[in-house]
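Computed from a prediction, not measured in an experiment: that's the story for all the values here.
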Amino acid sequence: MEIEFLNEQNAAQWDEFALKSDSAWFRHTTAWMKYSSCCRFDSNSRNLSFMVKQGGKIQAIVPLMAEYSYPERDFDCFAMYGDFIPLPAYDSGSDVSKSSVAEVIQEKILELAAGNGIRYGKFVLDPLIEYPYFRDYTPFNVFSPDTGAKVDFATTNLVDLRLETDIILKLMRKGHKAAIKQVLKEPGYRVDIFDRTNITRELLLEFKRIHILDAGRQTRTDASWDCMYEWITSGMGCLSLLWSPETSSYRAGALIMIYKNAAYYASFATEDSMMLNGHAGYLIQWETIKYLKSIGLHYYETGSNRYPLDGSTNQFKISEISKYQRGFRSLEVPKLTYRIDFAK
């Protein structure tokens with residue numbers, strides 16, 4: 001088998017493969033890797049992604065990026081935007097043994113780790129790949145036991161968009177249902193959703209303005225906002241903005257990633273956390289869920305389950321966000337992650 005690194009010349013071939021593979025989702029695409037490489041101010045990354053080919057045909061794509069975990073260090077980890085890298089995606093219809101392809105992948109990853117001074121790597125089985133959770137599926141582990149890869153079984157939250165709208169609402173946490181019903185009664189407020197058919201750069205810049213106000217500073221580079229605009233214009237995202245009749249302007253919003261039959265809640269921001277008695281996000285989520293269902297998607301991931309570990313303010317904030325995201329779910333599903341220490 002042959003190794004071919006991702007480059008500008010074969011990027012379209014990579015993305016075409018990802019679109020056809022039932023073990024690939026948006027985070028396998030060059031669009032996500034481009035965003036991951038330019039999002040942070042305090043670091044950059046080195047793209048080491050590669051394809052495995054046999055006879056000129058792609059058997060697998062392997063997203064792989066080297067980042068540094070601390071500013072004073074050189075590139076020392078495999079990660080994407082500080083987060084997990086999706087496990088390789090395979091040719092769904094190939095007759096070539098996946099175990100033989102996996103051996104080639106593991107050998108190359110270990111070689112690249114040694115050659116680039118990588119101490120550890122973080123990998124995940126993306127919960128939004130097309131394998132249904134409701135039939136037998138054993139994730140194909142690219143790392144053999146002798147690599148020392150550690151497996152962690154976390155969970156994440158999905159809204160099952162295949163259900164009827166009233167059932168989706170019924171399955172939500174009691175407080176979430178009450179908040180949605182309350183904000184729907186508020187006159188003049190509305191959620192406008194912008195996709196490839198009606199998005200403009202000015203609308204995304206409006207969300208950027210809100211995002212900066214909410215965070216108190218710009219947390220993402222201008223280039224990363226350009227990437228998000230490209231997602232939407234290419235049909236891989238949408239922007240939900242909340243219109244306030246009090247100011248005759250948009251005052252909150254959410255950006256959603258869309259790929260194949262699923263969507264992911266990527267970010268949220270508001271000018272005023274107490275707008276609509278603190279329930280602006282509930283109205284945005286509800287209208288977004290209805291929109292995603294209307295365009296025929298099956299699943300909407302609202303976020304992973306995370307719990308406070310040390311009682312710190314930051315951990316508590318993360319836990320509260322997770323609790324909010326969990327309240328919308330119809331399903332709790334596995335999120336299988338791997339950490340491998342190459343330095344041992």
Practice task
For the residue pair Phe194 and Tyr250, categorise the inter-ring angle as parallel (less than 30°), tilted (30 to 60°) or perpendicular (more than 60°).
Solution key: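 Rings of Phe194 and Tyr250: perpendicular, as their planes differ by over 60°.
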
Practice task
If the plane angle is over 60° it's perpendicular, under 30° parallel, otherwise tilted; pick one for Trp32 and Trp231.
Solution key: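 Aromatic pair Trp32/Trp231 classed tilted.
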
Working to the nearest 0.5 angstrom, can you tell me the gap between [X] [atom1] and [Y] [atom2]?
{"X": "Asp192", "Y": "Ile284", "atom1": "CG", "atom2": "CD1", "value": "10.5 Å"}
{"X": "Asp152", "Y": "Lys122", "atom1": "CG", "atom2": "NZ", "value": "12.0 Å"}
{"X": "Ile258", "Y": "Cys238", "atom1": "CD1", "atom2": "SG", "value": "4.0 Å"}
{"X": "Ile180", "Y": "Ile289", "atom1": "CD1", "atom2": "CD1", "value": "6.5 Å"}

Problem - Under 3.5 Å: donor-acceptor pair, side chain of Trp286, backbone of Lys181 - result: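 Between the backbone of Lys181 and the side chain of Trp286 there is no qualifying donor-acceptor contact (under 3.5 Å).
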
Exercise for the section: Check whether more than 12 heavy atoms from other residues, nucleotides or ligands sit under 6.0 Å from atom NZ of Lys290, and answer yes or no. Expected result: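 Above 12, so yes.
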
Problem - Tyr300 ring center near Phe328 ring center (under 6.0 Å) - result: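 Here the rings of Phe328 and Tyr300 have centres that are no less than 6.0 Å from each other.
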
Exercise for the section: Treating Ile, Leu, Val, Met, Phe, Trp and Tyr as nodes and any side-chain heavy-atom pair under 4.5 angstrom as an edge, say whether Leu331 and Tyr264 lie in one connected cluster. Expected result: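 Yes.
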
Exercise for the section: Answer yes or no: is there a side-chain heavy-atom contact under 4.5 Å between Tyr291 and Asp195? Expected result: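 They are in side-chain contact.
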
Handout entry: Side-chain touch Met80/Pro86, heavy atoms, less than 4.5 angstrom
Key =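 Sidechains of Pro86 and Met80: in contact.
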
Practice task
Let me see the working for Gln182 and Tyr282 under side-chain contact (heavy atoms from CB on, under 4.5 Å), right down to the final yes or no.
Solution key: CA-CA 10 Å; Gln182 177 185 332; Tyr282 294 87; over 6 Å; no

Practice task
Quick one: do Tyr189 and Glu246 satisfy side chain to side chain donor-acceptor pair (under 3.5 Å)? Show the steps, please.
Solution key: CA-CA 9 Å; Tyr189 285 90; Glu246 297 175 356; 3.2 Å; yes

Exercise for the section: Just do the side chain to side chain donor-acceptor pair (under 3.5 Å) check on Thr302 and Asn157 with the steps written out, would you? Expected result: CA-CA 6 Å; Thr302 57; Asn157 304 292; 4.7 Å; no

